[in-house]
There are 2 protein chains.
Amino acid sequence: MMKRVEVDGARLLQSLADFAAIGATPAGGVNRQALSVEDRAARRLLTERALARGFSVFQDDAANLFIRREGRDPGLAPVLIGSHLDSQPTGGRFDGALGTLSAFEVLEALAEADAGTLRAIEVVAFTNEEGSRYAPGCMGSMDFAGASAIGAWRSVVAPDGARLEDELAATLAALPQAAMRPARPPPFAFVELHIEQGPILEREVVPIGVVTGVQGTRWLEVSFTGEAAHAGTTPREFRKDALAAAADAIAFLQATVMPGDAQARLTVGRLVVEPGSINVIPSHATFTVDVRHPDHQALAGLEADVRAACARAAETWGCTLSIDRRLDMAPGTFDPAIVDVIEKACRRRGIASRRMTSGAFHDALFVSRAAPSAMIFVPCRNGISHNEAEFVTDDHVILGASVLLDVVRELAGRFAAA
Amino acid sequence: MMKRVEVDGARLLQSLADFAAIGATPAGGVNRQALSVEDRAARRLLTERALARGFSVFQDDAANLFIRREGRDPGLAPVLIGSHLDSQPTGGRFDGALGTLSAFEVLEALAEADAGTLRAIEVVAFTNEEGSRYAPGCMGSMDFAGASAIGAWRSVVAPDGARLEDELAATLAALPQAAMRPARPPPFAFVELHIEQGPILEREVVPIGVVTGVQGTRWLEVSFTGEAAHAGTTPREFRKDALAAAADAIAFLQATVMPGDAQARLTVGRLVVEPGSINVIPSHATFTVDVRHPDHQALAGLEADVRAACARAAETWGCTLSIDRRLDMAPGTFDPAIVDVIEKACRRRGIASRRMTSGAFHDALFVSRAAPSAMIFVPCRNGISHNEAEFVTDDHVILGASVLLDVVRELAGRFAAA
């Protein structure tokens with residue numbers, strides 16, 4: 001019989017509070033954007049705690065931060081757990097921090113119980129997941145997974161004027177305790193605990209989401225061009241109304257796409273009308289469409305639906321149409337074996353869980369293209385995230401970390417140390 | 001048998017060219033905004049030509065400019081004809097100028113033929129019809145008709161920083177040749193020649209529109225409030241999408257209102273979405289609705305249609321709704337007797353005409369509330385107005401002025417002078 005190992009809930013909650021103080025906003029959120037001085041302070045605090053525990057600390061070229069607790073066989077690929085420490089400018093206390101600090105709590109709990117693993121376990125804090133200061137997001141995990149080297153973005157400039165290259169160098173230099181480590185083979189597995197950032201778990205009163213994949217996303221920019229004309233003197237048959245065409249297409253898509261497929265998501269978040277005068281028929285209407293689906297074929301079908309609806313609307317209103325694809329992020333499928341391990345861990349603890357797809361991007365999406373990966377979700381209040389009001393109950397924090405601990409021990413191969 | 005009197009087409013076309021040079025834009029339009037130095041130059045030129053002919057010139061407190069050719073009985077109310085000399089910032093050569101300069105040509109033609117009238121004829125150039133430099137438009141005709149005194153707007157400031165009060169005083173002072181004249185009883189009749197500013201006459205190849213009235217207009221501002229949420233993580237049943245609600249309402253109204261009533265006009269010219277991020281469900285969508293109809297009851301029905309469609313859309317998308325009425329301009333009905341006179345004048349000349357409603361506001365709308373009024377329309381190319389590309393053929397200019405001449409002689413009571 002294995003030794004019973006549990007996370008220390010009080011310690012984890014205190015840790016979340018300690019990190020929430022770094023970049024704390026008056027409204028109770030955090031502003032700890034990627035590669036900022038606040039981000040560096042958070043990295044420093046985690047490193048100090050790791051070194052105090054006797055764990056090794058490494059950085060790579062992308063300033064991804066790794067904390068390693070050795071396994072019985074150092075030659076085996078490690079189990080990687082973690083998330084990110086950067087936040088949105090008016091972000092919450094849990095997005096990223098929950099996954100990173102729970103992962104660290106797992107290491108601490110194992111160390112305290114003197115519980116060994118066959119494989120090493122590494123905690124990771126990926127660089128710039130949010131993308132708010134330097135677009136795109138998930139730079140660190142893309143670099144880690146070999147999708148794109150961090151150097152590709154070295155000239156990106158933040159709204160505050162700082163170049164990525166310079167802030168990256170300063171961040172690396174601020175942590176001399178962490179040895180630089182070259183790129184290594186992919187980990188044996190990656191597991192990321194995260195808040196759902198959506199409303200489903202809370203509504204269904206299910207404390208754990210077992211994430212089977214990440215929706216694919218496409219971004220389209222649709223532009224109708226008609227003809228500006230006088231609102232009073234122009235009969236219907238002379239109107240080439242770009243906004244009427246846009247409204248026609250949007251209304252049709254909203255009335256059909258999501259009601260027709262519960263897994264589909266379609267959002268028009270931005271719409272600009274020109275000339276924008278109360279008594280002038282609009283000559284231009286440009287809007288964005290964000291479509292998502294966990295299935296690649298279905299996602300392509302959504303884009304086709306958008307194109308067809310817009311073409312019909314353009315015809316109805318005598319407008320010309322152009323559609324540009326701005327982003328095409330393929331769906332990610334998580335590793336079925338790890339998904340099983342997570343589900344069984346929940347069952348053993350008697351915790352209700354449900355399988356679900358992630359609607360948001362995460363570092364795990366990119367890591368999953370290089371190594372077997374999966375995610376664990378916990379509910380957040382009202383589904384609110386990227387917001388200072390983001391909130392997770394203490395119980396859900398501790399449940400999530402406990403499941404992560406069990407999953408990690410299973411993946412890393414548990415045994416009684418020494 | 002009355003003496004045959006005709007306008008001098010060449011002189012009228014030259015006059016249009018002379019005035020188009022005042023504030024001429026490189027693209028062939030005019031920028032002669034109300035009470036500007038260009039507007040003053042145009043008033044000065046017209047005054048000089050009037051005085052050279054021996055006509056009297058007057059101004060009132062609103063800087064409306066009057067040119068009077070005396071009738072046999074100076075005690076009778078005069079027949080008033082004219083329009084305005086101010087333009088949009090990138091306006092055309094005909095909007096306003098055609099009506100004012102054709103009216104002056106009528107006076108010149110009568111003077112040259114030594115043709116007398118029972119009633120005096122006055123040409124008017126109303127102040128600030130366009131409203132582009134000082135809102136609202138039609139200030140001069142509103143003051144003239146007693147709807148609202150010009151003093152009510154004395155503190156209005158132009159985008160260039162100039163107060164209306166100061167520019168009005170400077171404009172009056174720039175024309176010392178024009179005697180100040182206090183408010184007088186309403187004229188016997190008012191007739192305004194104008195370009196259609198719409199596409200109907202051109203399409204139907206009818207050179208004269210006999211205008212029976214002006215559509216009423218209501219402006220509504222509609223605001224949907226939903227809830228911002230993540231585009232990827234929020235299923236349909238959790239969405240309170242303000243733009244989806246707006247598109248639903250707009251698409252429904254565009255698909256039903258104008259197809260259902262050929263006299264109705266509905267335009268959504270402005271729409272603003274917040275927060276306006278590609279991957280965030282919009283929390284706010286605010287748009288304007290411009291509805292017009294020549295019938296007062298039908299116009300009220302259009303507003304009710306808008307309110308009902310928006311209420312249904314708000315319900316569908318779980319949004320709250322507010323609707324404010326920003327303008328309520330009642331339809332204007334022109335004088336049936338004058339309409340008859342215009343129609344008969346066309347018939348006598350063998351010119352095709354059709355009755356129509358004006359879709360745009362005009363000074364005649366306001367004057368019609370104080371005195372019997374009507375309008376004569378001529379076609380403009382592609383229905384384009386408020387645009388430097390505004391164009392009227394020479395033939396249509398001369399036809400319009402000729403009909404105006406006949407109508408004025410009929411209304412003023414023709415007789416052979418001396």
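Within every chain, numbering begins at 1; the chains are lettered A, B, ... in the order of the sequence lines, protein sequences first and strands thereafter.
In terms of heavy-atom pairs under 4.5 Å with chain A, the best-connected choice from B:Thr288, B:Asn387, B:Leu243, B:Ile278 is B:Ile278. Chain B forms the most heavy-atom pairs under 4.5 Å with one residue out of A:Ala228, A:Ala251, A:Pro235, and that residue is A:Pro235. Of all the listed residues (B:Gly198, B:Ala245, B:Ala247), the one sharing the greatest number of non-hydrogen pairs under 4.5 Å with chain A is B:Ala247. Interface remark: of the candidates A:Gln197, A:Glu274, A:Arg239, A:Arg239 forms the most heavy-atom pairs closer than 4.5 Å to chain B.
In this structure, chain A has heavy atoms under 4.5 Å from both the backbone and the side chain of B:Val268. At a 4.5 Å heavy-atom cutoff, B:Ala229 makes no contact with chain A through either its backbone or its side chain. For chain B, no part of A:Glu227 is nearby; none of its heavy atoms comes within less than 4.5 Å.
Near-neighbour residues of residues 253-267 of chain A relative to chain B, defined by a heavy atom under 4.5 Å from a heavy atom of that chain, comprise A:Gln254, A:Met258, A:Arg265, A:Leu266, A:Thr267. Residues of residues 202-214 of chain A lying under 4.5 angstrom from chain B, judged on non-hydrogen atoms, are A:Arg203 by number.
Atom-to-atom distance recorded for A:Arg292:CZ and B:Asn279:CG is 6.0 Å, nearest 0.5 angstrom. Atoms CG and CZ, on B:Asn382 and A:Phe238 in that order, are 10.0 Å from each other to the nearest 0.5 Å. Atom OG1 of residue B:Thr233 and atom CZ of residue A:Phe377 lie 8.5 Å apart, to the nearest 0.5 angstrom.
Taking B:Thr286 as the reference, B:Ser223 meet the side-chain hydrogen bond (donor to acceptor under 3.5 Å, both in side chains) condition, with sequence neighbours excluded.
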Donor-acceptor pairs under 3.5 Å, side chain of residues 322-331 of chain A to any protein atom, not counting sequence neighbours: which ones?
unit_1: A:Arg325; atom_1: NE; unit_2: A:Glu303; atom_2: OE1; d: 3.0
unit_1: A:Arg325; atom_1: NE; unit_2: A:Glu303; atom_2: OE2; d: 3.4
unit_1: A:Arg325; atom_1: NH2; unit_2: A:Glu303; atom_2: OE1; d: 3.4
unit_1: A:Arg325; atom_1: NH2; unit_2: A:Glu303; atom_2: OE2; d: 3.4
unit_1: A:Arg326; atom_1: NH2; unit_2: A:Glu221; atom_2: OE2; d: 3.3
unit_1: A:Asp328; atom_1: OD1; unit_2: A:Arg218; atom_2: NE; d: 3.1

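For B:Glu315, the CD atom is loosely surrounded, since the number of other residues' heavy atoms within 6.0 Å does not exceed 12.
Residue A:His230 comes nearest to B:Gly359 through the heavy atom pair CE1-O, 4.1 Å, listed as atom of the first residue, atom of the second, then distance. For B:Val273 against A:Gly269, the heavy-atom pair with the smallest separation is CG1-O, 3.6 Å.
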